[in-house]
Amino acid sequence: MTHHLPIQHALLTVVGVAFIVHFVFKRYEPQRVATHTLLLVAVPSFLSPLFLDRLPAIKALPVSVLTFWLTLLCSIAFYRLSPWHPLARYPGPLVLKLSKLPMAWISRGGRRHIYTQELHRRYGDIVRVGPNEVSISNPAAIHPFMGTSGLHKGPQWEARTATQTVHPLIAINDPKEHLRRRKPWNRALNVASLKDLEPLVANRAEQLVNLLAVSDSRRIGADGATNLGKWFSWFSYDLMSDMAFGGGSEMLINGDEGSIWPLLEVGLVNSDTFGHLPWLADYIRTFPTFGAKMKQMRSFCVQRAEERVKLGNISRKDLFYYLNNEDGAEPTPPLPEVIADGTLAIIAGSDTTSSVLSSIFYCLLTHPEAYVRLRAEVDSYYPPGETALNTKHHADMPYLNAVINEAMRLFPPISDGSQRVVPIGSGGKIFEDSYFPEGTITTVHMYSIHRDSRNFSPLPDNFWPERWIHAAAGDKNGLGMKLVLNTAAHFPFSFGPANCAGKGLAMQELRMVVSAMIQRLDMTLGEGFDATAYENDMSNYFILTRPSLPVVVRKRK
Ligand code: HEM
């Protein structure tokens with residue numbers, strides 16, 4: 001008599017194996033395509049013969065695979081929603097506790113910063129925004145999470161940088177290695193080096209103002225307005241090319257002939273989505289069509305970096321001079337390292353600065369009283385005959401710096417902040433009365449903190465540079481209302497040893513361009529400009545994009 005395995009036994013075996021596979025995923029977090037295929041496809045297929053006694057071969061395979069996957073999904077969902085999950089005590093929407101896919105989808109729409117701010121308003125200062133991830137909107141977390149004894153960089157860069165053989169500085173999560181790679185950046189952008197870089201910035205700023213001052217029919221619409229945002233993109237790209245690659249780009253003159261900005265922007269949308277799904281890294285490496293736009297962007301940047309390497313030691317001390325250790329301060333780094341960081345310079349250095357410049361002029365042009373006040377300050381520091389490109393007064397100009405701070409408070413280019421992770425082997429992280437176990441991904445949410453009335457009040461959502469002036473004067477109640485300005489809650493360049501390496505350069509650029517434009521140009525918004533539409537169109541793909549900013553520009557009389 002032949003023995004037939006009851007179908008219940010076959011089903012129970014498959015369910016049991018699915019539980020074991022869940023355990024393997026939870027414990028070891030396998031990342032390779034081959035391991036995924038083995039665990040998710042080969043294992044249930046291998047179990048399908050158990051059903052052959054009761055089912056035809058054509059049905060045995062789907063029954064085995066579906067039972068396996070359904071069990072696995074239910075087991076994962078049950079665990080993630082259960083009170084035994086280590087992040088169970090943190091509130092958040094159900095769908096985000098279940099999977100990172102919904103947040104990847106929200107990011108694709110470019111509104112993650114607004115969505116996360118709404119989550120904080122609804123759920124409080126600590127919100128669970130992923131199965132294993134929290135967002136924090138308490139500025140007291142900035143120091144312990146991002147400072148010297150803070151956490152390591154999070155996994156958001158895994159898939160984003162999957163096309164590179166070597167991680168760029170921003171993606172390095174081992175603090176020792178990060179420190180080593182950060183050294184040339186610090187040498188390149190310290191106070192003394194910034195002095196060397198000053199003429200490069202001044203030349204490009206001068207060129208920008210000169211070109212804006214002449215009416216160029218190719219770039220002006222029928223209403224006489226030009227898109228200022230585009231000019232800032234061209235300016236910052238040309239400048240970063242000068243800095244990082246010894247020149248080679250003339251967008252200010254030729255426009256974006258090679259459609260480089262659209263390429264960078266589409267690449268950023270994809271890489272922002274992939275940032276939520278680090279396990280996709282190996283898929284991107286394995287399948288050529290996966291992340292194709294990102295790869296196109298990457299190879300364009302790599303090509304630029306390789307061209308600069310071929311030039312060898314040029315006399316000017318640009319950023320590359322230091323990245324390539326041409327100053328001889330350290331051993332020459334391997335070429336892929338230099339290329340990875342040169343590529344980072346293009347994205348980190350150009351998109352961010354042009355985003356802030358657009359925001360500054362959007363704020364000034366929609367607040368004419370601030371524009372007039374800034375112009376008076378520029379004129380008083382730089383009377384006729386003196387160029388505002390000279391940096392000698394920039395750091396001391398209170399209103400100029402208040403305008404820049406305020407624009408970056410409202411529209412920080414990296415609005416969602418930079419992710420960190422509680423290191424494995426650290427025993428976890430305690431913050432106030434909260435505990436975050438090893439492996440918890442955290443983000444101190446910049447946009448929420450910058451617009452929170454507990455940190456900036458009154459009118460946290462309004463452009464009001466005067467708040468910085470009053471606060472600096474210690475004038476907390478003189479306005480007939482309580483003024484709150486928590487400088488520790490303003491961190492557009494992030495915080496700690498892995499903060500923005502280009503902060504000094506960025507501030508130099510912003511102060512120079514704004515002062516020179518205000519000194520030499522008259523600007524008004526194009527007819528029919530809709531400020532609400534402008535803000536609604538500001539999308540965030542890790543870096544805040546710039547909608548069209550039509551401005552009528554004339555040489556100042
Ligand atoms: C207003 C303009 C800019 C803003 C608001 C800005 C902001 C930021 C932020 C928030 C980060 C993330 C830091 C972290 O992970 O904690 C960052 C990283 C970085 N930025 Fe900037 N950035 C600006 C301009 C620049 C410029 C001009 C450069 C020069 C090339 C630059 C180079 C870098 C580099 C190299 C990193 C990686 C730092 C590291 O991981 O150690 N940035 N930036």
Side-chain angles (χ1 to χ4, degrees), residues 113 142-143 145-148 150-157 160-161 167-175 177-190 193-194 197 200-201 204 232 235-237 239-245 275 301 318-320 322-323 340-360 404-405 407-421 442-447 449-450 490-514 540 542-544 546:
H113 56 307
I142 297 174
H143 204 285
F145 281 73
M146 312 185 81
T148 337
L151 308 179
H152 298 177
K153 295 255 187 181
Q156 65 176 337
W157 297 103
R160 283 174 179 200
T161 54
H167 278 329
L169 176 74
I170 201 162
I172 298 175
N173 49 20
D174 170 12
E177 175 63 359
H178 181 271
L179 187 67
R180 180 185 76 78
R181 290 279 297 278
R182 176 83 185 221
K183 280 185 186 158
W185 282 92
N186 289 346
R187 288 204 310 284
L189 298 166
N190 64 23
S193 308
L194 282 181
L197 297 176
L200 282 182
V201 186
R204 284 296 181 186
F232 293 140
F235 158 79
S236 61
Y237 188 83
L239 178 62
M240 276 327 291
S241 294
D242 294 345
M243 293 278 174
F245 303 123
C301 295
D318 56 10
L319 179 61
F320 216 87
Y322 294 97
L323 292 184
D341 278 357
T343 305
L344 169 64
I346 305 191
I347 313 283
S350 57
D351 221 358
T352 44
T353 318
S354 52
S355 170
V356 177
L357 282 170
S358 290
S359 301
I360 291 175
I404 294 173
N405 278 343
M408 283 201 285
R409 182 183 71 79
L410 287 173
F411 305 109
I414 302 189
S415 285
D416 282 308
S418 181
Q419 213 182 55
R420 297 288 188 269
V421 65
T442 67
T443 309
V444 183
H445 198 244
M446 195 185 282
Y447 189 80
I449 290 178
H450 277 193
H490 185 254
F491 63 125
F493 293 101
S494 191
F495 184 81
N499 74 346
C500 174
K503 179 178 173 182
L505 175 63
M507 285 305 288
Q508 190 178 74
E509 276 182 58
L510 297 174
R511 288 168 176 151
M512 241 189 218
V513 171
V514 175
N540 170 26
F542 188 64
I543 299 177
L544 214 54
R546 304 159 288 290

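Both counts, for ligands and for their atoms, begin at 1 and track the order of listing.
- Using a non-hydrogen distance threshold of 4.0 Å, H178 registers as a contact of ligand 1.
- Among protein heavy atoms, the minimum distance from atom 14 (C) of ligand 1 is reached at A498 O, 3.0 Å.
- The closest non-hydrogen atom to atom 10 (C) of ligand 1, taken over A506, C500, S418, P492, comes from P492.
- Looking at H445 and D416, their side chains come closer than 4.5 Å, going by heavy atoms from C-beta outward.
- Taking the six-membered ring where the residue is Trp, Y447 and H113 present perpendicular rings, their angle passing 60° and hence far from 30°.
- With hydrogens and angles disregarded, a donor-acceptor distance shorter than 3.5 Å links the side chain of T442 to the backbone of R420.
- By the 4.0 Å heavy-atom criterion, K153 is counted among the residues contacting ligand 1.
- Considering only non-hydrogen protein atoms, atom 28 (C) of ligand 1 sits nearest to G502 CA, 3.5 Å.
- Each of the atoms 30 (C), 35 (C) of ligand 1 lies under 4.0 Å from some heavy atom of W185.
- With respect to atom 5 (C) of ligand 1, the closest heavy atom belonging to the protein is P413 CG, 3.4 Å.
- Nearest protein heavy-atom contact of atom 24 (C) of ligand 1 is T352 OG1, 3.2 Å.
- In terms of protein heavy-atom proximity, atom 25 (C) of ligand 1 is nearest to A348 O, 3.4 Å.
- Looking at R182 next to ligand 1, an N or O pair under 3.5 Å apart turns up.
- Under a cut-off of 6.0 angstrom, the local environment of NE2 in H152 is crowded, with over 12 non-hydrogen atoms contributed by other residues, nucleotides or ligands.
- Nearest protein neighbour of atom 9 (C) of ligand 1, counting heavy atoms only, is I414 CD1, 3.5 Å.
- In this structure the side chain of I449 reaches within 4.5 angstrom of the side chain of F491, judged on heavy atoms.
- Annotation: atom 16 (O) of ligand 1 to nearest protein heavy atom, S494 OG, 2.5 Å.
- Using a 4.5 Å cut-off on side-chain heavy atoms (C-beta onward), S355 and R546 make contact.
- Shown in contact with M240 at under 4.0 Å from a heavy atom are these atoms of ligand 1, numbered in order with element: 30 (C).
- Atoms of ligand 1 found under 4.0 Å from any heavy atom of G349, numbered from 1 in the order shown, are 26 (C), 27 (C), 28 (C).
- Contact of the L505 side chain with the T353 side chain is not registered, since no non-hydrogen atoms from C-beta on lie closer than 4.5 Å.
- No side-chain heavy atom of R182 sits less than 4.5 Å from a side-chain heavy atom of P497.
- At least one side-chain heavy atom of W185 sits less than 4.5 Å from a side-chain heavy atom of L323.
- Of the protein's non-hydrogen atoms, the one nearest atom 36 (C) of ligand 1 is A501 N, 4.0 Å.
- Contacts of R420 with ligand 1, taken as heavy-atom pairs under 4.0 Å, involve the side chain alone.
- Within the structure, the closest approach of M507 to ligand 1 does not fall below 4.0 Å when heavy atoms are considered.
- With ligand atoms numbered from 1 in the order given, ligand 1 contributes 1 (C) to contacts under 4.0 Å with heavy atoms of V356.
- Here the side chains of M240 and L319 are in contact, with some heavy-atom distance below 4.5 Å.
- Using a distance-only test at 3.5 Å, with no hydrogens or angles considered, a donor-acceptor pair links the side chain of S193 to the main chain of R187.
- Heavy-atom contacts of L344 reach the following atoms of ligand 1: 35 (C) (cutoff under 4.0 Å).
- Not a single heavy atom of Q419 sits less than 4.0 Å from an atom of ligand 1.
- Between V201 and L194, every side-chain heavy-atom pair lies at or beyond the 4.5 Å cut-off.
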